[in-house]
Amino acid sequence: MERGQKKRKLIFPRYHQLDLVQKLLEAAKNQGVGQHYLIQHSAGSGKSNSISWLSHQLVELTDTSETNTIFDSIIVVTDRKILDRQIRNNIKQFAQVNGVVEAITEGSKQLQKALENGKKIIITTVFKFAYIVKEIQSLNNQKFAIIIDEAHSSQSGSSAAKMSAALNKETGEEEETTEDKILRIIAEQKLSPNASYFAFTATPKNKTLETFGIKNHEDGKYHPFHNYAMKQAIEEEFILDVLENYTTYQSYYKIQQIIADNPQFDTKRAQKKLKKYVEGHPQIIRQKAEIMIDHFLADVINTNKINGQAKAMVVTNGIISAIRYKLAFDAYLKEINAPYQTIVAFSGSKEVDGKVEDESSLNGFPSQDIPDEFNKCEYRFLIVADKYQTGFDQPLLHTMYVDKPLADIKAVQTLSRLNRAYKPDKKDTFILDFVNSADAIQTAFDPFYKTTILSEETDIDRLNDLQDSLDGFQVYSETQVNVLMTIFINGAERDQLDPILDECKQTFIKELDIESQIQFKTKAKSFVRNYQFLVQIHPFRNPYWESLKTFLKFLLTKLPNLNDTDLSQGILESVDIDSYRIERQNTLAIQLEGSGEIKPAPPEPPGSTYQPKLDYLINIIEDFNNRFGNISWTEKDQVRKFIFEDLPAAVSKDEEYQNAKKYSDRQNARITFKKKLVDKFQEFIFDHTEVYRQFTDDPDFQTWLADTLFNRDYDQDAG
């Protein structure tokens, strides 16, 4: 290759990718601008390439006359910064001409310049887009194709409204009346008529299906435009089945009181804090870290998974846990002289045990280098806290250790990090879960195994019902709503709005009891959410609803927080961990049926006042231990199994005891056995604190146990 020449590689689309792009081009050509298409393609099915091919094909797409291009610009909107980089790099790979693609990294001025210079493909994150669209003017004469990656998150809330407003901005109008302005606001919140939306997701929510899906007018159900389901992708070996080897663990723990007093606490909140405290305790994290590492070395590395290149992800329940896992992993890997290293990923910084840590301080390199560093052979564990759980494409990921509750779409997105194929070396995956049940994971995955369908559209009458209910509280009047909206859309400052809002706030506080206050706030939030969604997809014109939505958004920020008293404060300073053990459950293949059909988003449940229930500390501890301890002295209990099976087996294998039994008399062998019994017990001190305390504090019990176990071992071999 001559110096300066670019190295190019050919990437051929799979059938589902080719079929998708061809059908989208045909539909866009025949239907023109202003359409919306939902593409449900399984995670790991090559979505980035599909988006890249589609982007470049849409640039040159002409209408049915074959003379005019349909779209002036293609805007690719991604959900996260890491996805932004992945999509940007991917699309640029396909560019045959320099200058076609521009990524927006600096804001509105860069976007305006890109449009003025005729940039055909513009890439941005939804966060940047939502920020810069406020300054974009006079784009209604241009036509756009908006490609949205992971539509369920990119198009939530007000981001969609801001995007649509920018692309539908009208100028040069005559002076508007108040009602004209209200109706324009409504129009701006709908999907822009001068843009077509191509929304990609592996896990469509009900609102996503209703916004971008195709409605079957015979049965009223919503379908995606194109589907490449998880089931099909697995059967065609395009991705792996991540539920094929799923192992769950069950944790048991007891706590003890460490203060003399017996204060009262809010039982519900205290129980939650106690569970989080126990699961995040450094010693318990250390124990689970050892289980993970031992499993990885024995069952992944020693079995040569992915030809010895396999990597693992550790999913933690928060930044503090992630940091402690990082420290525990590094310490244990060093102790056992393992040649592998860890990377931790989380946003921001956190103080743990008196020291402020962030990604760079723990990893030794900048945050943006994490994906590249994790490619290196020595890095085998990526420890994450709400990061790299979506959109992260690393085919060498084989194993996942889950120490965080996962449900619904979040479970599917997180576990699907493992499903990338790496042929011919990657043949399976493995998940070890410390928190979630197999049934819960099955429930999360099942709706997305085949085609996901919305059973029916959202009932617009819910807005009528919510308005009637809110009006009934008499916190505001229709006149107050209309007056505030009138002065607001005519540019009033906040100090002109506050008197109306403050008057309503006083009515809320003085006239409503606590239960009614909760009900009002819940219904007000529900009205705002439902209206902002429904106004995008239904052609209704109701100026008062727009006014009421705006009024309630302002009012909610002024109303008092009704659940700000925490009567569980101090519970963690009153207890300590007594004992902890963890028990491996079955490894199984989770079978999916593919229910497929989901229901519309339900109305917000009626609000209810949280009533703290106080109880004494000693009773809270007893209840906690009864729920999570499960420690007894029955024949079948794990404690008895530890004493009469695991412990003697460990001592029996000890080399010093084996030599004493072989070359010394019975008395010396007994002394060595007891010494080694104490040593082995100390190795399990944290697992079985209760038993260890009895062993050390009760000489009679210690003598009885040592003699019993020794005689059984010695006499068995002698026999």
Side-chain angles (χ1 to χ4, degrees), residues 13 17-39 41 47-78 87-88 90-92 94-97 99-104 111-124 126 129 133 136-149 151 154-155 160 163-171 187-188 190-201 211-215 224-226 536-537:
Q17 297 169 312
L18 181 63
D19 185 61
L20 166 69
V21 174
Q22 288 178 340
K23 287 181 176 176
L24 284 174
L25 293 174
E26 181 182 3
K29 188 182 192 72
N30 294 327
Q31 297 172 3
V33 182
Q35 308 302 315
H36 42 84
Y37 309 93
L38 177 63
I39 300 97
H41 280 200
K47 191 150 43 80
S48 295
N49 280 351
S50 298
I51 289 174
S52 300
W53 280 311
L54 177 62
S55 302
H56 286 281
Q57 293 293 319
L58 288 174
V59 167
E60 303 298 332
L61 184 65
T62 57
D63 57 23
T64 52
S65 70
E66 304 295 343
T67 56
N68 302 312
T69 56
I70 295 177
F71 302 108
D72 296 299
S73 294
I74 316 300
I75 301 176
V76 182
V77 184
T78 61
I87 292 287
R88 183 169 70 234
N90 219 58
I91 290 177
K92 285 186 174 180
F94 289 88
Q96 300 297 313
V97 180
V100 171
V101 181
E102 177 153 349
I104 304 305
L111 177 57
Q112 289 175 331
K113 186 176 180 181
L115 292 170
E116 290 168 0
N117 293 340
K119 295 294 182 181
K120 290 296 185 179
I121 301 176
I122 300 165
I123 308 168
T124 184
V126 69
F129 201 96
V133 292
I136 301 173
Q137 299 293 323
S138 303
L139 297 180
N140 59 300
N141 294 324
Q142 299 186 49
K143 296 170 293 183
F144 300 89
I146 301 177
I147 301 175
I148 306 164
D149 186 38
S154 297
Q155 285 294 283
M163 184 186 301
S164 298
L167 299 176
N168 197 40
K169 184 72 175 177
E170 295 180 359
T171 57
E188 287 175 348
K190 295 179 184 177
L191 300 179
S192 301
N194 61 323
S196 288
Y197 294 78
F198 303 82
F200 285 75
T201 180
T211 303
F212 298 108
I214 300 172
K215 182 178 181 180
F225 173 85
H226 197 273
Q536 296 183 52
I537 58 176

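One-based numbering along the sequence shown. Basis for what follows: all heavy atoms, side chains included, without hydrogens, waters or symmetry-related copies.
- Side-chain contact between Leu58 and Phe198: present, with at least one pair of heavy atoms (C-beta onward) separated by less than 4.5 Å.
- Across every non-hydrogen atom of Ala145 and Phe71, the tightest pair is N-CD2, 3.5 Å.
- Of the inter-residue distances, the one linking Ile147 atom CD1 with Asp149 atom CG reads 10.0 Å to the nearest 0.5 angstrom.
- Put simply, the side chain of Ile51 reaches to within 4.5 Å of the side chain of Val76, judged on heavy atoms.
- Within the 4.5 Å cutoff, no side-chain heavy atoms of Asn68 are placed close to those of Thr62.
- Of the possible donor and acceptor atoms, none in the side chain of Asp72 sits under 3.5 Å from a partner among the backbone N and O of Gln142.
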Show which side-chain atoms of residues 21-28 pair as donor or acceptor with protein atoms under 3.5 Å away, not counting sequence neighbours.
from	atom 1	to	atom 2	distance (Å)
Lys23	NZ	Asp19	OD2	3.3

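- Leu38 contributes atom CG, which lies 10.0 Å from atom CZ of Phe200 (distance to the nearest 0.5 angstrom).
- Between Thr69 and Leu61, the closest side-chain pair of non-hydrogen atoms is not below 4.5 Å.
- Contact between Ser55 and Ile74 at its shortest, heavy atoms only, is O-CG1, 3.9 Å.
- The two residues Gln17 and Ser50 make their nearest non-hydrogen contact at CG-OG, 3.2 Å.
- Going from atom OG of Ser52 over to atom CD of Gln57 covers 11.5 Å, rounded to the nearest 0.5 Å.
- For Gln35, the side-chain contact (heavy atoms from CB on, under 4.5 Å) test picks out Gln31, Tyr37, Ser196, with sequence neighbours left out.
- Scanning all heavy atoms of the two residues, the minimum distance from Trp53 to Pro13 falls at CH2-CA, 3.4 Å.
- A distance of 9.5 Å separates CD1 in Ile148 from OG1 in Thr211, rounded to the nearest 0.5 Å.
- Ile146 contributes atom CD1, which lies 5.5 Å from atom CD1 of Ile75 (distance to the nearest 0.5 angstrom).
- Atoms NE2 and OG1, from His41 and Thr201 in turn, are 11.0 Å apart once rounded to the nearest 0.5 Å.
- Sorted by first and then second residue, the salt bridge (charged side-chain N to carboxylate O under 4.0 Å, His left out) pairs involving residues 53-67 (not counting sequence neighbours) are Lys29-Glu66.
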